[in-house]
Number of protein chains: 2
Amino acid sequence: MAVRPGLSVERLVRAGAELADEVGFAHVTVSELARRFDVKVASLYSHVRNSHDLKTRIALLALAELADRAADAVAGRAGRDALTAFADAYRTYAVEHPGRYDAARFPLDPETAAASAGPRHARMSRAVLRGYGLTEPAETHAVRLLGSVFHGFVSLETAGGFSHSAPPAEETWTWILDALDALLAAQPSPTRPDTTTTEADTA
Amino acid sequence: MAVRPGLSVERLVRAGAELADEVGFAHVTVSELARRFDVKVASLYSHVRNSHDLKTRIALLALAELADRAADAVAGRAGRDALTAFADAYRTYAVEHPGRYDAARFPLDPETAAASAGPRHARMSRAVLRGYGLTEPAETHAVRLLGSVFHGFVSLETAGGFSHSAPPAEETWTWILDALDALLAAQPSPTRPDTTTTEADTA
DNA sequence: GCATTTGCCTAAAGGTGTTAGGCAGATGCA
DNA sequence: TGCATCTGCCTAACACCTTTAGGCAAATGC
């Protein structure tokens, strides 16, 4: 009848991301998206293969956005400064965009994952760690540690896990970053002879 | 017509937990459960209020099982030993029962959460940390750190995050536990004058 | 100005969640 | 043992989501 709504994959994915932030990634549905564009459901299937495809695209968007933010955060910083900025980029994104953050955890098939911003995240993590002068395999372990801590904390926090007990999550966050920094700095390194290591390398 | 299947909340929840481990918690469905009991879908609604209720019960089961395992693990251990056993209890459970582990993250309303095994988890975590002689608020921060690391690692690992790169996840896990132990041991403590702290307390 | 392409539509089928009401097997009591 | 009741599973029906097939009209190209 009137003018065409002008759908496109990009618009759908952006709207899907916003929808995710509003109602949660798990509740992102093709039907709801169609409703928002005031369009019949079937119409979306010309732009998106299916629901899984839509979610994958939202996940890719989220991963890319998150990588961009992280990149901005670490640019021009090193060591502890970089670590904090990097960590805050993740946490802030998760707080501001919980649905998108969830989307970034959507399981991707290997090829899609390889073409996603995922590898950028890994490279940035390594870049941040560079300041601590770790050697392999310690650096890889540290990359995984950072991923675990950041993801774990943020996911518990957004699930409300810390909201019903005493110190605000904020304080724990800085305490954890302090601890991580100390931990990484204490790792044996070829360029900085170890003086503070404990039994951390006896396994 | 023949003999009645003999449904009950307990059987449904147990079967639901098994289903979760097979197909993932997100795909646990009232319909599939009915199919497994060779019963019509509506029949389940005499035992369970609705789908959300079913999932909540599975979550409670998982939380309780996990708490039981953790309790067994830390019994009779202290310090680093307790930390490792505690951590391994979580990781092992997640690997053996991925669906149940996911279920344990199902958001519960406050009253349900309070009546769940959740508080037991928190108490056990504090018990494990007792060996490190932390003072408040450091102990609470440490509880949250452990939760974040364990959950983060396990969730990334079961999502396949570590399966496509060099050192096996197992090695990273022990490296992380070593690091955590060192970190906690290095915290200032009233009973153990600090000798090994680095810049961890200069923020 | 016409042909083609593209974009959104109608129609239809299959799956899940949920409620209401019915019938028969199990249970309790005389 | 026989009857009344209760409980447990069933049929029926509706709402919502996903997906596919095929149609019509607006946009586009020449």
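Here is the naming used below: chain letters follow the sequence lines, and residue numbers restart at 1 for every chain.
- Residues satisfying the side chain to side chain donor-acceptor pair (under 3.5 Å) test with Asp88(A), not counting sequence neighbours, are Trp173(A).
- Remark: Ser163(A) engages no residue in a side-chain contact (heavy atoms from CB on, under 4.5 Å) (not counting sequence neighbours).
- Remark: Glu32(A) pairs with Leu19(A), Thr29(A), Arg35(A), Arg36(A) by the side-chain contact (heavy atoms from CB on, under 4.5 Å) rule, at least two apart or across chains.
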Might you work through the side chain to side chain contact (heavy atoms under 4.5 Å, CB included) test for Phe153(A) and Tyr90(A), ending with a clear yes or no? CA-CA 10 Å; Phe153(A) 185 91; Tyr90(A) 275 89; over 6 Å; no
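- The nearest whole Å value for the distance from the CG atom in Leu7(A) to the C1' atom in dC9(C) is 12 Å.
- Tyr101(A) pairs by the side chain to side chain donor-acceptor pair (under 3.5 Å) definition with Arg105(A), His151(A), not counting sequence neighbours.
- Non-hydrogen atoms lying under 4.0 Å from DNA chain C are contributed by Thr29(B), Val30(B), Ser31(B), all within residues 12-33 of chain B.
- For the side-chain contact (heavy atoms from CB on, under 4.5 Å) test, residues two or more places apart in sequence or in another chain that qualify with Thr56(A) are His52(A), Leu60(A), Phe106(A), Leu108(A), Thr112(A).
- As a whole-Å value, the separation of Lys55(B) NZ from dT16(C) C1' is 10 Å.
- Applying the salt bridge (charged side-chain N to carboxylate O under 4.0 Å, His left out) criterion to Glu10(A), with sequence neighbours excluded, gives no partner residue.
- Listed by residue number, Lys40(B), Ala42(B), Ser43(B), Ser46(B), His47(B) are the residues of residues 40-53 of chain B with a heavy-atom contact under 4.0 Å to DNA chain D.
- Per the geometry, CZ belonging to Arg36(B) stands 16 Å off C1' belonging to dT16(C), to the nearest Å.
- Atom CZ in Arg35(A) sits about 14 Å away from atom P in dA15(D), given to the nearest Å.
- In this view, Pro167(B) and Pro137(A), Thr140(A), His141(A), Arg144(A), Glu171(B) satisfy the side-chain contact (heavy atoms from CB on, under 4.5 Å) rule, not counting sequence neighbours.
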